[in-house]
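Remember, predicted model here, so these are calculated numbers, not experimental data. These values consider heavy atoms only, across backbone and side chains, with no hydrogens, waters or symmetry-generated copies. Sequence lines set the chain letters: A, B, ... in the order given, protein chains first and strands last, and positions in each chain run from 1.
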Amino acid sequence: MAVDPKEFELEYFKKNGFIRQKCKVCGTHFWSQRISDVCGESPCVENTFIENTPTTLHLDLNGVRETFLNFFNKNGHTIIEPYPVVCRWRDDLLVTIASIVDFQPYVTNGELPPPANPLVVSQPCLRFEDIDNVGVTSGRHLTIFEMGGAHAFNYPEKEVYWKDKTVEYHHELITKVFGVKSEKISYKEHLWSGGGNAGPAVEAIVDGLEISTLVFMCYKMENGHWVPTIVRTVDTGYGLERWAWLSLGTPTAFHAIFGPLLPKFMEIMGVECENRVLIETGKLSGALNVENPNLSNQTREKVAKRLGFSVEEYMRRIEPFEKVCTVLDHTKALAFLLAEGVVPSNVKTGYLARMLLRRIYRILYEFKCENQLLELLGYQIDYWGKFFRNIEISRNEILKLAQIEVEKYKRTLEREMEILIKKLNNLRKEGKREVPREVIVEAYESHGIHPMQLKEQAMKLGLITNIPQDFFSSIIKMHTRKTAEIEEKDELETILLEKKIPSTEKLFYEDPKLLQFKAKVIHVHNNYIVLDRTAFYAESGGQLSDIGKITWKDREGVVKYVKKIGGIIVHEVEGATPPLNTEIIGYVDKERREQLSIHHTATHIINGAARKVLGEHVWQAGAQKDVKEARLDITHYTNITEEEIKRIEEIANEIVRKNIQVEIYTLPRLEAEKRYGYRLYQGGVVPGREIRVIKIGDHDVEACGGTHVLNTGEIGFIKVVKVEHIQDGVERIVFVAGKAALEKVQEAFGILKDVSRKMQIPPEKIVESVEKIIKENEEIRRKIKKYSKRLSEYALPYIKEKAEILSGIRLYYVVNNDLDESTHIEIGSTAIEEIQNLLYCALIPLNNVVQVVVFSGKQAQEKGISAKDVANFVAKILDGAAGGDKRFGRGGGKNIDKLNIIKDKLIEYLKDKRCE
RNA sequence: GGGCCGGUAGUUCAGCGGUAGAAUACCCGACUUGCACUCGGGAGGUCGCGGGUUCAAAUCCCGCCCGGUCCA
């Protein structure tokens with residue numbers, strides 16, 4: 001989609017003398033009051049604000065945040081609290097990457113009203129796609145940053161403000177509040193798109209630095225075309241870190257963001273760097289980008305020249321500093337992630353936390369201070385905890401999760417390093433001098449050993465390692481395979497949408513005990529029917545669907561499955577299907593519903609209990625409630641112990657015995673979030689503007705659409721059946737409740753009784769007895785093995801006697817299955833040692849096949865008799881095949897009918913052989 | 001969620017269609033004898049689980065489980 005230039009012809013620009021111009025370097029159009037042939041953004045120009053701030057107000061990040069919020073507040077925007085950095089309210093994103101994410105999709109698509117309109121928020125955001133640039137670009141790239149979002153949501157019936165006012169606010173803040181001269185600012189034309197939305201945008205540039213992006217979201221993608229949206233959203237992103245950097249004019253943004261933490265981290269890591277090196281780097285840092293190595297290298301040369309250094313000398317000075325910055329950024333991001341209960345693991349946000357921690361650890365290791373990782377994390381908590389209360393509150397949780405993860409990483413490194421050393425030693429033995437690329441890739445991908453760590457080890461062993469410049473990007477390319485995701489819409493879904501069938505009235509919410517109801521059929525499609533109202537619960541939230549029957553007149557249909565399509569509930573009916581507009585009576589299977597409800601409420605109770613026993617990092621990672629049993633997956637960093645399970649069981653059953661009322665009520669989404677926090681979203685995303693809250697005393701509160709019991713006492717009893725380790729960071733608790741629990745216990749006792757009766761041993765002696773049996777079994781197995789060996793010795797005289805003498809060789813030929821193949825091998829191999837002119841030939845008929853074992857003694861071999869050939873000869877008669885060598889051959893075939901002619905043919909064959 | 005690597009003796013691994021191996025630790029013996037070393041012998045395995053192909057599977061194919069790791 002190309003943007004119509006008209007989109008940018010703002011009244012505000014015209015009235016204030018902004019002129020549209022084109023940058024001769026990058027070709028972008030921009031608006032500025034000053035005539036210039038360049039757009040003003042680095043790398044088209046240098047960063048001129050360094051050591052030469054254009055502002056009259058000088059603030060660090062915390063100051064900028066306050067000023068920004070107050071400015072918009074004074075201009076009619078309501079300040080709202082930032083959302084979490086882990087965006088659990090959406091299933092299409094792992095982390096909050098922009099302030100607008102807080103309001104997508106329900107606010108931006110008009111389904112929900114915003115918490116205020118207009119509003120302003122300073123939203124901590126995480127972004128990982130530029131992680132390799134963090135530290136090397138003087139702070140232009142960060143994994144964690146605050147996006148100042150001033151948002152206005154414009155509805156057809158209610159216009160708040162649009163482009164002109166947005167630019168005006170921005171311009172006023174930067175000029176009147178921060179005191180930048182108006183002509184210093186240029187606004188670059190840009191098209192923004194993301195998350196299925198798009199719109200024109202302007203990027204605000206001051207003295208080389210892009211400080212804000214003002215987006216006017218007004219299109220959405222529909223059937224491959226951009227169409228206007230109903231709600232037009234002002235989506236501004238003020239880069240607060242950059243505003244702070246600009247206003248202080250410090251050599252890097254890290255100075256402005258981290259203040260006293262920067263010198264502290266430098267001291268701990270033992271890093272020093274002259275200011276002039278940082279200043280000269282900062283001026284040109286707009287051209288530094290690891291994804292563009294050519295430009296970066298040129299820029300490095302340029303900076304080195306200005307400083308009067310060789311490139312090597314310059315890099316030696318700047319690189320350690322850059323690593324300090326990376327650590328500063330990463331430890332902050334890690335603290336924010338862990339504060340929200342993210343358990344480091346190998347999936348999703350857990351992986352992001354792990355990656356950050358490992359990067360930090362590796363850098364600190366380089367500076368020999370890896371043991372101070374937790375200390376550094378502590379400083380971040382001290383510093384940011386003052387402004388973000390949850391960081392301070394979660395201090396212990398953050399440090400504990402980090403500590404456990406460090407220990408895990410150390411263990412992994414130790415183990416994997418040993419494997420690597422072995423491999424490197426092998427390379428050396430093979431006479432190689434350089435580590436091949438495959439080995440570097442394998443070490444990194446399969447064993448988590450960073451190329452730098454590999455290089456260090458290889459050097460010790462005298463091997464050269466050349467890490468390709470594009471190593472990481474090539475790995476990423478290997479992984480990214482674009483798969484066109486085409487969501488196939490159900491045929492039924494399409495029809496329901498087209499016919500505009502209304503949402504079904506959900507009787508199971510109004511009265512969870514209602515199991516019999518009257519309703520009218522409003523749509524029929526094959527054996528699927530839609531009613532105007534229903535008490536049948538449709539499968540969702542891990543709770544299985546209800547079943548039952550419907551009757552009308554004198555007819556009856558069985559409801560075997562119920563599903564939800566949007567707000568419409570569809571019943572799959574077997575047997576007779578009622579015609580349209582029939583009045584029916586529905587009967588919900590009572591036992592199943594009760595059991596599912598019991599399991600569902602029990603799941604919430606177990607979840608709360610697990611959180612109490614294991615810690616605040618416990619989140620539901622998945623759940624399924626079946627009739628027979630239920631399971632709950634939770635995030636946790638280590639295997640749950642027997643003791644912990646016992647405590648969870650105890651707490652859960654205590655809640656049951658207290659017979660607490662299960663409160664169910666709906667709240668406006670924002671109200672619910674405000675009252676109970678994002679912990680509500682245990683079961684994942686809950687769409688819609690109203691949230692159904694399930695509250696069990698002060699034990700647990702969750703947003704949930706399932707059916708529940710009225711009082712916890714109805715559950716009767718909860719028993720954990722087993723605990724499984726699903727994946728790193730996720731544990732599964734399988735449990736039973738209510739009647740299913742009774743059945744499970746009865747079943748367990750039944751098994752015990754059966755075993756006891758069969759073994760004729762009292763239950764309490766079973767374990768002891770089984771141990772004995774296992775031991776005896778092992779002994780027997782050993783004996784058989786020993787005996788078959790002995791058998792080969794004892795068999796010798798027998799074989800000598802039975803073997804037929806055929807001019808010079810002796811043939812021992814046997815057809816039966818008294819002995820198995822391995823025994824024949826044992827006997828045969830011993831026999832030919834003793835009787836060197838022996839040809840040992842055993843045919844073992846088994847079910848439908850015959851196995852052939854042939855041994856040929858030394859003398860027999862000399863006479864040209866090869867065991868392999870004999871085996872092959874025999875096997876061919878049996879329509880099979882054989883292999884081996886001249887001493888030992890084995891094979892077989894399927895044609896059992898030929899079994900009786902083999903001996904004659906074999907003797908003939910041997911005669912022929914000796915004629916040769 | 002996807003990709004890759006791995007699962008064989010107590011341990012570390014080799015074997016990669018045709019009798020399951022090495023090293024190390026273990027047990028016994030010899031030489032020594034303070035220990036170590038050396039030598040000889042022994043014991044130790046449902047080759048992760050389940051299917052399939054084959055006369056024959058640790059080995060090839062498919063599915064699953066477990067461990068590790070990278071990416072989203």
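Between A:Gly883 and A:Gln851, the one whose closest nucleotide on RNA chain B sits nearer the 5' end is A:Gly883. Comparing A:Gly893 and A:Ser829, the nucleotide of RNA chain B nearest to each residue sits closer to the 5' end for A:Ser829.
Ionic pairing of A:Arg732 and A:Asp633 is present here: one or more N-O contacts between side-chain nitrogen and carboxylate oxygen are shorter than 4.0 angstrom. Salt-bridge formation is not detected for the pair A:Asp869/A:Lys876: no Lys NZ or Arg NE/NH1/NH2 atom is positioned less than 4.0 Å from an Asp or Glu carboxylate oxygen.
When the P atom of B:rG1 is taken as reference, atom CG of A:Leu94 falls 13 Å away, rounded to whole Å. Atom-to-atom, CD1 of A:Ile896 to C1' of B:rC55 comes out at 11 Å; the value is rounded to the nearest Å. If you take CG of A:Asp869 and P of B:rG18, they are 19 Å apart, rounded to a whole angstrom. Taking atom CG of A:Leu843 as the reference point, atom C1' of B:rC55 lies 11 Å away to the nearest angstrom. Protein atom CD1 of A:Ile825 is 9 Å distant from nucleotide atom C1' of B:rG18, rounded to whole Å. Across the protein-nucleic acid pair, A:Leu352 atom CG and B:rA72 atom P stand 8 Å apart, rounded to whole Å. Here the P atom of nucleotide B:rC55 and the CG atom of A:Asn817 are 19 Å apart, to the nearest Å. The distance between atom CD1 of A:Ile844 and atom P of B:rG18, rounded to the nearest whole Å, is 18 Å.
Taking atom C1' in both B:rG50 and B:rA57, the straight-line distance is 14 Å, to the nearest Å. Spacing of P atoms, B:rU38 relative to B:rG15, comes out at 27 Å, to the nearest Å. Separating the C1' atom of B:rG6 from that of B:rC13 is a span of 12 Å, rounded to the nearest Å. Spacing between B:rA58 and B:rG48 at atom C1', rounded to whole Å, works out to 11 Å. When the P atom is used for both B:rG29 and B:rA36, the distance is 15 Å, rounded to whole Å. Look at the P atom in both B:rA56 and B:rU46: the space between them is 24 Å, to the nearest Å. Using atom C1' as the reference point in both B:rC62 and B:rU53, the two lie 11 Å apart (nearest Å). Look at the C1' atom in both B:rG44 and B:rA22: the space between them is 14 Å, to the nearest Å.
Just one of A:Phe888, A:Tyr812, A:Tyr813 meets the ring pair (Phe, Tyr, Trp, His ring centres under 6.0 Å) condition when paired with A:Tyr840; it is A:Tyr812.
Nucleotide B:rG40 forms a pair with B:rC28, judged by Watson-Crick or G-U wobble geometry with both contacts under 3.5 Å. Figure legend. B:rA22 is base-paired to B:rU12; pairs are counted as Watson-Crick or G-U wobble with both atom distances under 3.5 Å. Pair assignment for B:rG67: B:rC5, on the basis of Watson-Crick or G-U wobble contacts that are both within less than 3.5 Å. Using Watson-Crick or G-U wobble geometry with both donor-acceptor distances under 3.5 Å, B:rU54 finds no partner in any strand shown.
Base engagement by A:Gly891 is indicated by at least one non-hydrogen atom pair under 4.0 Å involving a base atom. At a threshold of 4.0 angstrom between heavy atoms, the contacts of A:Ala875 with the nucleic acid are absent. Contact annotation for A:Gly892: base contact, defined as any heavy-atom pair under 4.0 Å involving a base atom.
Within a 6.0 Å sphere centred on OH of A:Tyr365, other residues, nucleotides and ligands contribute 12 heavy atoms or fewer.
Between A:Thr823 and A:Asp820, the side chains place a donor N or O and an acceptor N or O closer than 3.5 Å (distance only, hydrogens not considered).
Considering only the side chain of A:Arg358, B:rC70 comes nearest among B:rC55, B:rG18, B:rC70.
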Test log, rule side-chain hydrogen bond (donor to acceptor under 3.5 Å, both in side chains), inputs A:Lys410 and A:Tyr361:
CA-CA 10 Å; A:Lys410 277 189 191 163; A:Tyr361 186 89; 4.8 Å; no

